[in-house]
Amino acid sequence: WRMRSLGLPVWSTLDASAPGLALGTVIGRLGCLAIVEHLGSPTSLPWGYGVKPGYDVAPQHTSLECAVASAGPDGLCGVYQPVAAYDLIGAAVLLLMLVVVVRWISLRPGQLFGLWMAWYGLQRFLLDSLRVGDASIGPITWNQLTGLVAGIGGMALLWWLGNRNRSEQAPGIDVPD
């Protein structure tokens with residue numbers, strides 16, 4: 001509503017926001033890594049995040065903290081999937097892809113935003129399956145549900161914007177947006 005009241009083209013403005021949304025995710029996940037947020041399920045992978053006794057993790061992960069006496073033989077409370085790192089990597093790849101797509105592929109207004117929405121929504125759906133302790137609705141978390149809805153919505157938006165006005169246009173003639 002605000003874009004329309006300012007006279008901004010909605011689809012083009014959303015397209016302009018897509019790289020910034022991906023970059024914001026990269027920066028935000030650096031913060032998540034700094035405060036040990038977005039930990040996933042226990043793992044034995046070598047890049048898992050080890051929680052040491054006495055280390056204060058983000059509030060939703062306080063159950064992962066332990067005292068020195070209850071630490072494992074490796075001196076850790078546990079080793080967990082670094083979901084924030086995975087999200088950071090995925091968002092960085094998405095940012096790179098958005099920049100490449102904008103330079104090399106002709107998209108209709110709104111499709112770049114739809115691409116961001118589809119990628120990031122599905123990325124969150126997949127990555128949140130690695131997390132534990134989040135509020136859930138049946139077998140999936142609320143974050144997974146919203147990610148899935150956003151991912152499917154982004155794919156639908158890509159399809160709809162790509163096919164809009166095609167039935168009305170004569171072959172070989174481009175319809176400007």
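These values consider heavy atoms only, across backbone and side chains, with no hydrogens, waters or symmetry-generated copies.
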Considering non-hydrogen atoms only, spot the tightest contact between [X] and [Y] and give its length.
{"X": "Y80", "Y": "T43", "result": "C-CG2, 3.6 Å"}
{"X": "S12", "Y": "P109", "result": "OG-CB, 4.1 Å"}
{"X": "A67", "Y": "P53", "result": "C-CB, 3.8 Å"}
{"X": "L158", "Y": "A118", "result": "CD1-CB, 4.5 Å"}
{"X": "A18", "Y": "L112", "result": "CB-O, 4.0 Å"}

Within this structure, what is the [atom1]-[atom2] distance for the pair [X] and [Y], rounded to the nearest 0.5 Å?
{"X": "L157", "Y": "W11", "atom1": "CG", "atom2": "CH2", "answer": "4.5 Å"}
{"X": "L115", "Y": "L94", "atom1": "CG", "atom2": "CG", "answer": "7.0 Å"}
{"X": "F125", "Y": "L145", "atom1": "CZ", "atom2": "CG", "answer": "9.0 Å"}
{"X": "L39", "Y": "E37", "atom1": "CG", "atom2": "CD", "answer": "9.0 Å"}
{"X": "Q111", "Y": "W160", "atom1": "CD", "atom2": "CH2", "answer": "10.5 Å"}

Any side-chain heavy atom of [X] sitting closer than 4.5 Å to one from [Y]?
{"X": "H38", "Y": "L127", "result": "no"}
{"X": "L148", "Y": "L122", "result": "yes"}
{"X": "V36", "Y": "L64", "result": "no"}
{"X": "L21", "Y": "Y120", "result": "no"}

Test side chain to side chain contact (heavy atoms under 4.5 Å, CB included) applied to L76 - qualifying residues, sequence neighbours left out: K52, D74, V79
Sequence neighbours excluded, which residues qualify as side chain to side chain contact (heavy atoms under 4.5 Å, CB included) partners of V10? M3, R4, L14
Find out if a path of hydrophobic residues (ILVMFWY) with successive side-chain heavy-atom gaps under 4.5 Å connects [X] to [Y].
{"X": "W104", "Y": "L95", "answer": "no"}
{"X": "L88", "Y": "I35", "answer": "no"}
{"X": "L161", "Y": "W159", "answer": "yes"}
{"X": "L126", "Y": "M155", "answer": "yes"}
{"X": "L33", "Y": "W47", "answer": "no"}

I need the full list of disulfide (SG to SG under 2.5 Å) pairs touching residues 2-52, with sequence neighbours left out, sorted by first then second residue.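 Sorted result for residues 2-52: empty, none.
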Steps toward side-chain contact (heavy atoms from CB on, under 4.5 Å) verdict (W119, V93): CA-CA 10 Å; W119 177 301; V93 171; 3.7 Å; yes
Can you pull out every side-chain hydrogen bond (donor to acceptor under 3.5 Å, both in side chains) where at least one residue sits in residues 88-103? Sequence neighbours excluded, please. none
With sequence neighbours left out, the residues meeting salt bridge (Lys or Arg N to Asp or Glu O under 4.0 Å) with D87 are R29
Is there a donor-acceptor pair closer than 3.5 Å between any side-chain N or O of R108 and the backbone N or O of R164? yes
All disulfide bond (SG atoms under 2.5 Å apart) counterparts of C77, not counting sequence neighbours: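 C77: disulfide bond (SG atoms under 2.5 Å apart) contacts with C66.
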Report the C-alpha distance between D15 and L107 in whole Å, list the side-chain angles of each, state the deciding distance to 0.1 Å, and finish with yes or no for side-chain contact (heavy atoms from CB on, under 4.5 Å). CA-CA 10 Å; D15 281 344; L107 295 175; over 6 Å; no
